[in-house]
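Each chain gets a letter, A, B and so on, in the order the sequences are listed, and its residues count up from 1.
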Protein chains: 2
Amino acid sequence: MKPFEKKQQDDMSAVFKALAHPTRLWMVRELMQSERCVCEFVEASHLDFSTVSKHLSLLKQAHLIEDDKRGKNVYYRLRAVCLVSIVGCLDDHLKTLQAERAEDRS
Amino acid sequence: MKPFEKKQQDDMSAVFKALAHPTRLWMVRELMQSERCVCEFVEASHLDFSTVSKHLSLLKQAHLIEDDKRGKNVYYRLRAVCLVSIVGCLDDHLKTLQAERAEDRS
DNA sequence: TTGTCATTTGGCAATATAACCAATAATAAA
DNA sequence: TTTATTATTGGTTATATTGCCAAATGACAA
């Protein structure tokens, strides 16, 4: 594998790693609706401010979201548009699996 | 969040977790080409048989691949067709980012 | 049956991740 | 300026993940 491909591979692993936590996946889904500030995530999740901030910064490092400070607040929004189709794709896949399991039981 | 949504969320996290390791991502890419038996992965990766087997079983648990034993060998193949578009999508996204960085440097 | 090959499973040590608290930074309001 | 608010960073502990080795399984061959 060429170094370029290797890097691409590692970058993509980082993307999946970023999405591999229920909290971060929930955050991405929220951002698919509209931008949110850190405090909104804190309020809705009942997690510590520091925990939320670290989750967001991980998503940012993976180039999936971006932030911008306005007034006292930091607002995050989706950067990788392809997330919408990826999550949609997997929702369908999981629904199909569930239907198959229901089928097997009947 | 309803219990059903919660489960869907956790299932999807499991999918991303399964994809979040360079070795497993490589395996998925290989399986996008054609089915492979465990020993082919072992040979190509220089990892221990047990390590390879565990990676594959993790992908299987996430319902992304399926296996079938023929003779002495166990063959794995892609189960989640949507992986092709997901990986393609992210390849494009990462290429775009790289192009942007090249742009910034010039 | 006995042996051999391909794979899986259990166990262990090294490393990575997640959550909290405390401390710090940056901005806005008083 | 001082204080309050919002967010990030550093540190610690608990938990999860990864990779290897050794042992167990399962199917075919002799």
Side-chain angles (χ1 to χ4, degrees), chain A residues 1 6 9-31 34-79, chain B residues 1 6 9-28 30-31 34-77 79:
Chain A
M1 193 156 53
K6 172 86 172 72
Q9 195 94 316
D10 287 350
D11 283 354
M12 194 173 296
S13 297
V15 167
F16 286 126
K17 200 175 288 189
L19 295 169
H21 192 283
T23 300
R24 291 194 292 267
L25 191 51
W26 163 74
M27 287 169 157
V28 165
R29 281 186 194 271
E30 290 294 307
L31 294 176
S34 76
E35 65 168 19
R36 297 263 193 280
C37 78
V38 183
C39 57
E40 291 178 286
F41 285 121
V42 172
E43 185 162 15
S45 69
H46 306 295
L47 289 170
D48 195 81
F49 237 110
S50 63
T51 305
V52 167
S53 176
K54 277 171 186 172
H55 278 308
L56 288 167
S57 113
L58 216 154
L59 285 166
K60 185 181 163 187
Q61 268 182 256
H63 309 290
L64 295 176
I65 64 178
E66 55 192 3
D67 64 324
D68 109 70
K69 193 163 198 167
R70 293 203 298 282
K72 284 190 205 169
N73 300 306
V74 176
Y75 289 88
Y76 280 90
R77 69 180 151 281
L78 225 55
R79 181 176 183 191
Chain B
M1 193 153 57
K6 171 85 171 74
Q9 195 93 318
D10 287 349
D11 284 353
M12 195 176 294
S13 297
V15 167
F16 286 126
K17 199 175 289 189
L19 296 169
H21 191 282
T23 299
R24 290 192 295 266
L25 192 49
W26 164 74
M27 287 169 156
V28 165
E30 289 295 306
L31 294 176
S34 76
E35 66 169 17
R36 297 264 193 278
C37 78
V38 183
C39 57
E40 290 177 286
F41 285 121
V42 172
E43 186 162 15
S45 69
H46 305 295
L47 288 170
D48 194 82
F49 240 110
S50 63
T51 306
V52 166
S53 176
K54 276 171 186 171
H55 278 307
L56 289 167
S57 110
L58 218 154
L59 285 166
K60 186 181 164 188
Q61 269 182 256
H63 309 290
L64 295 176
I65 64 177
E66 53 192 5
D67 63 327
D68 111 69
K69 192 160 197 169
R70 294 204 296 283
K72 284 188 202 171
N73 300 307
V74 176
Y75 289 88
Y76 280 90
R77 69 180 151 279
R79 181 176 183 191

Side-chain N or O of [X] less than 4.0 angstrom from OP1 or OP2 on [N]?
X        : N       : answer
Tyr76(A) : dT6(D)  : no
Arg70(A) : dT6(D)  : no
Thr51(B) : dG19(D) : no
His55(A) : dT17(C) : no
Asn73(A) : dA7(D)  : yes
His21(A) : dA19(C) : yes

From C-beta outward on [X], which listed nucleotide comes closest to its side chain: [options]?
X        : options                  : value
Asp48(A) : dC21(D), dT7(C), dC21(C) : dC21(C)
Val38(B) : dA18(C), dT7(C), dT8(D)  : dT7(C)
Arg24(A) : dT8(C), dA18(C), dT5(D)  : dA18(C)
Leu47(B) : dA26(C), dT6(D), dC20(D) : dC20(D)

(request) With Phe41(A) as reference, evaluate Leu31(A), Leu47(A), Thr23(A) under the side chain to side chain contact (heavy atoms under 4.5 Å, CB included) test and give the passing residue. (result)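 Exactly one pass, corresponding to Leu31(A).
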
(request) Sort out for me which residue in Glu35(A), Arg77(A), Lys60(A) forms a side chain to side chain contact (heavy atoms under 4.5 Å, CB included) with Asp67(A). (result) Lys60(A)

Starting from [atom2] on [N], measure out to [atom1] on [X] and report it in whole angstrom.
X        : N       : atom1 : atom2 : answer
Lys69(B) : dA6(C)  : NZ    : P     : 12 Å
Met27(B) : dT7(C)  : CE    : C1'   : 13 Å
Phe16(B) : dT17(D) : CZ    : P     : 17 Å
Lys72(A) : dA25(C) : NZ    : C1'   : 15 Å
Asp67(A) : dT9(D)  : CG    : P     : 10 Å
Glu40(B) : dT7(C)  : CD    : C1'   : 14 Å
Leu19(A) : dT17(C) : CG    : C1'   : 16 Å
Tyr75(B) : dC5(C)  : OH    : C1'   : 13 Å

(request) Check Ala20(B) against Ala20(A) and note the closest heavy-atom contact, atom names and distance. (result) CB-CB, 4.5 Å

Does any N or O in the side chain of [X] come within less than 3.5 Å of the main-chain N or O of [Y], such that one atom is a donor and the other an acceptor?
X        : Y        : value
Asp48(B) : Ser50(B) : yes
Glu43(A) : Glu40(A) : no
Arg24(B) : Lys17(B) : yes

(message) At less than 3.5 Å, do the side-chain atoms of Lys54(B) and the base atoms of dG11(C) form a donor-acceptor pair?
(response)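 Donor-acceptor pair under 3.5 Å: yes.
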
(request) Check every strand shown and say whether Ser50(A) touches a base, only sugar-phosphate, or nothing at a heavy-atom separation below 4.0 Å. (result)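 Base contact - Ser50(A) has a heavy atom under 4.0 Å of at least one base atom.
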
(message) Base, sugar-phosphate or nothing for Lys17(A)? Non-hydrogen atoms, less than 4.0 Å.
(response) sugar-phosphate

